[in-house]
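Step one of this worksheet: look at the structure below.
So that the names make sense, note that chain A is the first sequence line, chain B the second, and so on, each numbered from 1. Everything numeric here is computed off the predicted structure, so don't read it as measured data. Hydrogens, waters and symmetry mates are skipped; everything else that's a heavy atom, side chains included, is used.
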Number of protein chains: 2
Amino acid sequence: MATSEEVARLAGVSRATVSRVLNGSPRISEEARRRVYEAIEALGYEPDIVAQSLVRQRSRTLALGLFDESNGLSLTQLGLTAHYFYIDMLRYIEQEAMAQGYDLLLPSRPKGTYPENYIRSLRIRRVAGAVMLAVGVEDPRVHALLQAGIPTVFLDTMGLGSSAVYVRSDHLDGARQVTEHLLSLGHRRIAFLPGPAGNMVAMERLLGGQQAMAQAGIAVDPGLIFSSGWNVEEAYQAVCHLLEQRRDWTALVAGSDLMALGALRALHERGLRVPDDVSLTGFDDVVLSQYMTPPLTTVRQDRARMGKEAVQRLVALIEGKEHVAPLIVPTQLVVRASTAPVRPQV
Amino acid sequence: MATSEEVARLAGVSRATVSRVLNGSPRISEEARRRVYEAIEALGYEPDIVAQSLVRQRSRTLALGLFDESNGLSLTQLGLTAHYFYIDMLRYIEQEAMAQGYDLLLPSRPKGTYPENYIRSLRIRRVAGAVMLAVGVEDPRVHALLQAGIPTVFLDTMGLGSSAVYVRSDHLDGARQVTEHLLSLGHRRIAFLPGPAGNMVAMERLLGGQQAMAQAGIAVDPGLIFSSGWNVEEAYQAVCHLLEQRRDWTALVAGSDLMALGALRALHERGLRVPDDVSLTGFDDVVLSQYMTPPLTTVRQDRARMGKEAVQRLVALIEGKEHVAPLIVPTQLVVRASTAPVRPQV
DNA sequence: CTGAAAGCGCTTACAG
DNA sequence: CTGAAAGCGCTTACAG
């Protein structure tokens, strides 16, 4: 690997000049610029990123913090069905990071006491900022990041501070839309499986459903609200449980597409047909939802916009911009074949 | 952030001594060691990783190269159904990388001519090595990495050199197992949908099936071999196509679980029931396969072992070990409900 | 066993 | 406009 020293020598200038040319310094003679570029070309030179990071006191690297650390490593959780939605968002984060010239880093897990060491691990790597995806508000990193003043963008989590913003979907409105859709099909006795109890996102998705029901003058039956983890398995079991207790409902609003998949299996096992006997809806619009049998009616989250805007906001924070505003991204109902008009009472 | 300078001052020693203590140098007095550790503790010191990387001429970072660059960025492809299998393997790669104290890096995409710039981008970041997952042999990075002598481990791709090894599944044997299973159920007219034409892995999976058939004294009908991309959609279409032409087969061996999902949909649309009318098998054993309707008979790849051994081998290469051997990991048949004895001829 | 010094490859005031 | 020098925070021969 050539160094700036060699480039300077070949171009007949100093290392300072080479550096200035590369960093777009204003006062450089055309002659010098030309010679430097020729030398760079001839030597195939590219500045050492590590050396740059050291002297600039900051790398062009964004730390990726995915999911709750308490539940294990980042990528580890990517494989959990509970997180399928985020797999797809990562691509947009990567895309925009690349566009802005930032590397993405999964820092080796720090040992020892948690929040302090996490911050320190980012500091000693000189990361420019952090993208936190689907970490719970109670995750110790949230507070630590806000406190440390490390530029951070939170996805879904509502972290906010002088150096942090969030980007999230309008979960409530999405839930309202899908519930209104069911109401318009004549469903009145609707069961809800919004997600984990106490989880903010699950709560909003439930609330949206309740609002739609209220607007139609219908009260949600508390006995038809079940909570479970975000994954297939727990949703499956929750629906099995529900089915053992009651069958007097005609539609089920699941908190995610993968939960709907679990529900689908439970319904299927009991000989209930979707949408003939029960209408079923999901949330997220993961790729798979159109390959379920039947294809799933769901709510699309605009991952592309979320990922892109998240990185753009993070870069703004890194560059010291003020008043970087959080963003709520609209959601959209996607009607497929898992919902149908309620059957006339027999 | 405290520096080694401050630690040295507080401990009353030189920076050299601080460094030696931290790097486990043999000849250090107990007294010095103790004082240094006290100072480290008091200041919450941890060495600057960037500075270390610069002076050591190598970072503790592994570059992650996922999938074919020609088709876009890395994480971008993670969301493609064709790659669902790898999502799960990443976790084991991460796990072992962390265990060995390495960060994982997704380098910002280099612009310009391809193979040279890719190598350069790794060099200027001083990455210690590279994990290449599911890149095609024709991917320009493969040859460039081998040539450049950067420690590399290839997953699936059979890259091999003085500084590179590979780890892959025994695809052939897996395909043989699953085909033998179908044969033992009485199936004789078996259709194969192994994957993309010309793809090495797809070829092995087909070959395994053919071998099993041959051993049973049955020739594979060339008209029952169809190729398609690894994703749900293309598999779906290939099977639609197949169904339009012929229905004289009783089992379908798909090249992956997601392809089986596409097949399932095609079969379902034509009113064919699995496994009553057609037995169907997949490959990979992704999480979802047990949630398909019916749960899928498939071949399990040992991702845990693959990911772990891959990183261990890479670290061995980085540390200059010689004779690091490639690894073929055994595969295993997993029987679920999508296969059944062939129905007596009507 | 330990310190002073050099050096990793850059950038950036400071002069001129 | 441009160069010499200092410095980013470490590590590692070289002496002693």
What is the nucleic acid contact for B/Arg126, judged by heavy atoms within less than 4.0 Å: base, sugar-phosphate only, or nothing? sugar-phosphate
Kindly point out which of D/dG9, D/dG3, C/dT11 is positioned nearest to the side chain of A/Val13? D/dG3
Please determine, by modelled atom types, if A/Asp156 and A/Tyr166 share a side-chain donor-acceptor pair under 3.5 angstrom. no
Any B/Thr17 side-chain N or O less than 4.0 Å from OP1/OP2 of C/dG3: yes
In Watson-Crick or G-U wobble terms, both distances under 3.5 Å, what is the partner of D/dG3? C/dC14
Can you tell me the distance, in whole Å, between the OH atom of A/Tyr45 and the C1' atom of C/dT11? 10 Å
Report the distance from atom CG of A/Leu54 to atom P of C/dG7, rounded to the nearest whole Å. 17 Å
For B/Tyr37, which of B/Arg35, B/Glu41, B/Arg33 qualifies under side-chain contact (heavy atoms from CB on, under 4.5 Å)? B/Arg33
Send over the distance from A/Ile124 CD1 to D/dG9 C1', rounded to a whole Å. 12 Å
In whole angstroms, the gap separating P of D/dC8 from CG of A/Asp48 amounts to 18 Å
Between the side chains of A/Asn23 and A/Ser19, does any donor sit under 3.5 Å from an acceptor? yes
B/Gln57 side chain N/O closer than 4.0 Å to the phosphate oxygens (OP1, OP2) of C/dG9? yes
On DNA chain C, check which nucleotide each of B/Ala16 and B/Arg56 is closest to and give me the residue with the more 5' one. B/Ala16
Would B/Arg60 count as a cation-pi partner of B/Tyr102, with NZ or CZ less than 6.0 Å from the six-membered ring centre and within 45° of the ring normal? yes
Under-4.0 Å side-chain N/O to phosphate OP1/OP2 contact, A/Ser29 with D/dT2: yes
How long is the line joining CZ of B/Arg33 and P of C/dC1, in whole Å? 9 Å
B/Ile28 near the nucleic acid: base, sugar-phosphate alone, or nothing, with a heavy-atom cut-off under 4.0 Å? sugar-phosphate
With the side chain of A/Arg27 defined as its heavy atoms from C-beta on, choose the nearest nucleotide among D/dC1, C/dC1, D/dC8. D/dC1
Answer yes or no for A/Arg141 and A/Tyr118: cation-pi contact, defined as NZ/CZ to six-membered ring centre under 6.0 Å and angle to ring axis within 45°. yes
Applying a 4.0 Å non-hydrogen cut-off, can you work out what B/Arg58 is touching in the nucleic acid: base, sugar-phosphate, or nothing? nothing
Atom CG of A/Leu22 and atom P of D/dT2: how far apart are they, to the nearest Å? 15 Å
Does a side-chain N or O from A/Gln52 land closer than 4.0 Å to OP1 or OP2 of D/dC8, or not? no
Base C/dG3 to side chain B/Arg20, donor-acceptor N/O within 3.5 Å cut-off: yes
Which comes earlier along DNA chain C counting from the 5' end, the contact point of A/Pro47 or that of B/Ser25, where each point is its nearest nucleotide? B/Ser25
